[in-house]
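Structure record follows, encoded as structure tokens.
By convention in this document, chain letters (A, B, ...) are assigned in the order of the sequence lines, proteins followed by strands, and residues within each chain are numbered from 1.
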Amino acid sequence: MVPSASEQNEDSSISREQIIWQVVCTIPPGRVASYSQIARLAGLQGLARFVGRTMSQLPEGSDVPWHRVLKQDGRIAFPPDSNRFLHQKRRLTEEGVLIKNGRVPMSQFRWEP
DNA sequence: GCGATGACTCCTA
DNA sequence: CTAGGAGCCATCG
């Protein structure tokens, strides 16, 4: 087989999106992770932005616990007045995640793989 | 092809 | 604490 330079593979190996979602699924309830950490565990260190963009493409009703992904400083990536923000915050609270002053303490920020 | 935008992060002042 | 700049990738006009 001669590899073409402009060959776009959709299904060739698991796409980065799939890996990212898979990593997110490994986050246990009661814990959270940052976009950068997800990127690192997915082998895409430094591509936190790509992780965020991938999350935006995640369809609703998915099994992926997207609400457990926060910014590096422990804050939710959505505007505080946004509906998504309230939804995510509520989801986290229901799982027992402590949110102090609008952000999650580092003690819950990382989990042991 | 380029600039702007987006569920980001880091460094410096 | 806030502000600005740079780096990263994919999508859109």
Inset, instruction - Examine Val32(A) and Leu98(A) and state if one hydrophobic cluster contains both, with Ile, Leu, Val, Met, Phe, Trp and Tyr joined whenever side-chain heavy atoms are less than 4.5 Å apart. - result: no

Inset, instruction - Would you mind telling me which of dG6(B), dC1(C), dA7(B) lies closest to the side-chain atoms of Ala77(A)? - result: dA7(B)

Legend entry - Residues, nucleotides or ligands: over 12 heavy atoms within 6.0 Å of Asp81(A) CG: yes

Legend entry - Nearest-Å distance for atom pair CD1/P, residues Ile76(A) and dT9(B): 13 Å

Inset, instruction - State, to 0.1 Å, how close Trp66(A) and Phe78(A) come at their nearest heavy-atom pair, and which atoms those are. - result: CZ3-CE1, 4.1 Å

Inset, instruction - Could you check if a side-chain atom of Ile20(A) sits within less than 4.5 angstrom of a side-chain atom of Ile38(A), using non-hydrogen atoms only? - result: yes

Legend entry - Ser34(A), nearest nucleotide to its side chain (from dC1(C), dT9(B), dC9(C)): dT9(B)

Legend entry - Sub-4.5 Å side-chain heavy-atom contact between Ser34(A) and Phe109(A): yes

Legend entry - Spacing between Ile38(A) atom CD1 and dC8(C) atom C1', to the nearest angstrom: 17 Å

Inset, instruction - Could you please name the option among dT9(B), dA7(B), dT11(C) that lies closest to any side-chain atom of Gln57(A)? - result: dT11(C)

Legend entry - Separation of dC9(C) P from Met55(A) CE (nearest whole Å): 19 Å

Inset, instruction - Starting from C1' on dC8(C), measure out to CD1 on Ile20(A) and report it in whole angstrom. - result: 13 Å

Inset, instruction - Select from Arg53(A) and Leu70(A) the residue whose nearest nucleotide in DNA chain B is closer to the 5' end of that strand. - result: Arg53(A)

Inset, instruction - Could you check how far CZ of Phe50(A) sits from P of dT5(B), rounded to whole Å? - result: 21 Å

Inset, instruction - Name the nucleic acid region contacted by Ser56(A), choosing base, sugar-phosphate or nothing; use a 4.0 angstrom heavy-atom cut-off, strictly under. - result: base

Legend entry - Glu17(A) CD - dC9(C) C1' separation (whole Å): 11 Å

Legend entry - Below 4.0 Å: OP1/OP2 of dT9(B) and any side-chain N or O of Arg40(A): no

Enumerate, atom names and distances included, each donor-acceptor pair closer than 3.5 Å involving a side-chain atom of residues 53-60 of chain A, sequence neighbours excluded.
{"from": "Thr54(A)", "atom 1": "OG1", "to": "Phe50(A)", "atom 2": "O", "distance (Å)": "2.7"}
{"from": "Ser56(A)", "atom 1": "OG", "to": "Arg53(A)", "atom 2": "O", "distance (Å)": "2.4"}

Legend entry - No-H, no-angle donor-acceptor pair, Arg49(A) side chain to dG6(B) base, under 3.5 Å: yes

Inset, instruction - Nearest whole angstrom, please: distance from the P of dG7(C) to the OH of Tyr35(A). - result: 24 Å

Legend entry - Basic-acidic side-chain contact under 4.0 Å: Glu95(A), Arg31(A): no

Legend entry - For DNA chain B, the residues among residues 99-107 of chain A that have a non-hydrogen atom under 4.0 Å from it: none

Inset, instruction - Pick the P atom in dA7(B) and in dG7(C), then give their distance to the nearest Å. - result: 23 Å

Legend entry - His87(A) NE2 - dA7(B) C1' separation (whole Å): 13 Å

Inset, instruction - When you get a sec, tell me which of dC9(C), dC1(C), dA7(B) is the closest nucleotide to the side chain of Arg75(A)? - result: dC1(C)

